[in-house]
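Residue numbers start from 1 in every chain, and the chains themselves are labelled A, B, ... in the order their sequence lines are given, proteins ahead of strands. All values below were derived from every heavy atom in this structure, side-chain atoms included, with hydrogens, water molecules and symmetry-related copies excluded.
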Protein chains: 2
Amino acid sequence: MTLSALADPTRRAILARLATGEASVSELAEPFDMSLVAVSKHLKVLEKAGLISKGREAQWRPCRLEAKPLRQVDDWLESYRQFWNDNLDRLEAYATLLQQGGTDDRSK
Amino acid sequence: MTLSALADPTRRAILARLATGEASVSELAEPFDMSLVAVSKHLKVLEKAGLISKGREAQWRPCRLEAKPLRQVDDWLESYRQFWNDNLDRLEAYATLLQQGGTDDRSK
DNA sequence: CAGTTAATTAACTTTTTGGTTTAATAACGT
DNA sequence: ACGTTATTAAACCAAAAAGTTAATTAACTG
């Protein structure tokens, strides 16, 4: 669920903003060319994904970034991190093959 | 676009499979309880996101995992990686505050 | 208490996504 | 040339996502 919450650019921008510190819903909404209601919904998505939490301070709901799910994404990436080093090795190996007269197209 | 491609569990499973080596479309489709056409579409999404590339070998299109976009996700996470260490510090600081008689609820 | 500010809920619309089935394309095997 | 295998394209559908406006809730301010 984390990754689908992160799929939306507005939500990523909100997280980026929150990385600099807490902010209320209307503060978070301000930069965007959309209704406050829309932003409020984005926040709910982020909240359900555990990426933010909301406090209450009078009529404000100060939002705070929660790092746990991001850390999970990082963990998920772990397996591929290993892979992309391998991949570089393979590319190198392939480059060598080419020198020796390889034929199949692996452009891109 | 990478993150929305990664948002779907079927597509993540496909990537996991591809991390173990190349596979044709039908091989990739086999584990899933959905039509081959559906899987083919997922592959197109992954391809457009640059997460995989397809070769051609006779009537097969061997798919290969491409690490670049994943590395970009990793880079994107970088800013937050720093944050989640800070966050742990804050939690510690807060725990200390509680000991001293803090009042506001920050459960979860 | 009346009015204002902050945020959410409800009802609705539009677009995107994830799936289907039925063709079409392309390369192989006989 | 004909049938089979692998994959994609087209047309379609249902459900989810992303947005809207109008109404509601809640807490502050004078």
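Atom CH2 of B:W60 is separated from atom C1' of C:dG29 by 11 Å (rounded to the nearest Å). With rounding to whole Å, A:E30 atom CD is found 16 Å from C:dT5 atom P. Going from atom CZ of B:R56 over to atom C1' of C:dC28 covers 15 Å, rounded to whole Å. Here C:dT16 presents its P atom at 14 Å from CE of B:M1, a figure rounded to the nearest Å. The separation between A:K48 atom NZ and D:dA18 atom P is 12 Å, rounded to whole Å. A straight line from CD of B:E57 to C1' of D:dA6 spans 13 Å, rounded to a whole angstrom.
Here the CZ atom belonging to B:R61 is positioned 10.0 Å from the OG atom belonging to B:S40, to the nearest 0.5 angstrom. Here A:E78 contributes atom CD and B:D74 contributes atom CG; the two are 8.5 Å apart, rounded to the nearest 0.5 Å. In this structure, CZ on A:R11 lies 10.0 Å from CG on A:L43, to the nearest 0.5 angstrom.
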TODO: Assess whether salt bridge (Lys or Arg N to Asp or Glu O under 4.0 Å) is satisfied between B:K44 and B:E47, documenting all intermediate values.
DONE: CA-CA 5 Å; B:K44 188 143 58 190; B:E47 195 178 17; over 6 Å; no
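The side chain of B:S24 places no N or O atom within less than 4.0 Å of a non-bridging phosphate oxygen (OP1 or OP2) of D:dA6. Contact annotation: A:H42 side-chain N/O to D:dG19 OP1/OP2 distance is under 4.0 Å.
With distances taken from any side-chain atom of A:A38 to the nucleotides D:dT20, C:dA6, D:dA6, the minimum falls on D:dT20. Closest to the side chain of B:Q59, from the set C:dC28, D:dT20, D:dA27, is C:dC28.
Shown here is A:Q59, whose CD atom has more than 12 heavy atoms of other residues, nucleotides or ligands within 6.0 Å.
Using a 4.0 Å heavy-atom distance criterion, B:S4 is classed as making no nucleic acid contact.
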TODO: Starting at the 5' end of nucleotides 8-14 of chain D, put B wherever the base has a protein heavy atom under 4.0 Å, S where only the sugar-phosphate does, and a dash everywhere else.
DONE: BBBB---
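Within residues 6-13 of chain B, no residue approaches DNA chain D, by heavy-atom distance under 4.0 Å.
Of all heavy-atom pairs between A:K54 and A:C63, the closest is CG-SG, 3.7 Å. Closest approach of B:Y80 to A:L15, counting heavy atoms only: OH-C, 3.4 Å.
Residues B:R12 and A:L3 form a side-chain contact, since some pair of their non-hydrogen atoms from C-beta on lies under 4.5 Å apart. Side-chain contact between B:L51 and B:L6 is present, with heavy atoms from C-beta onward closer than 4.5 Å.
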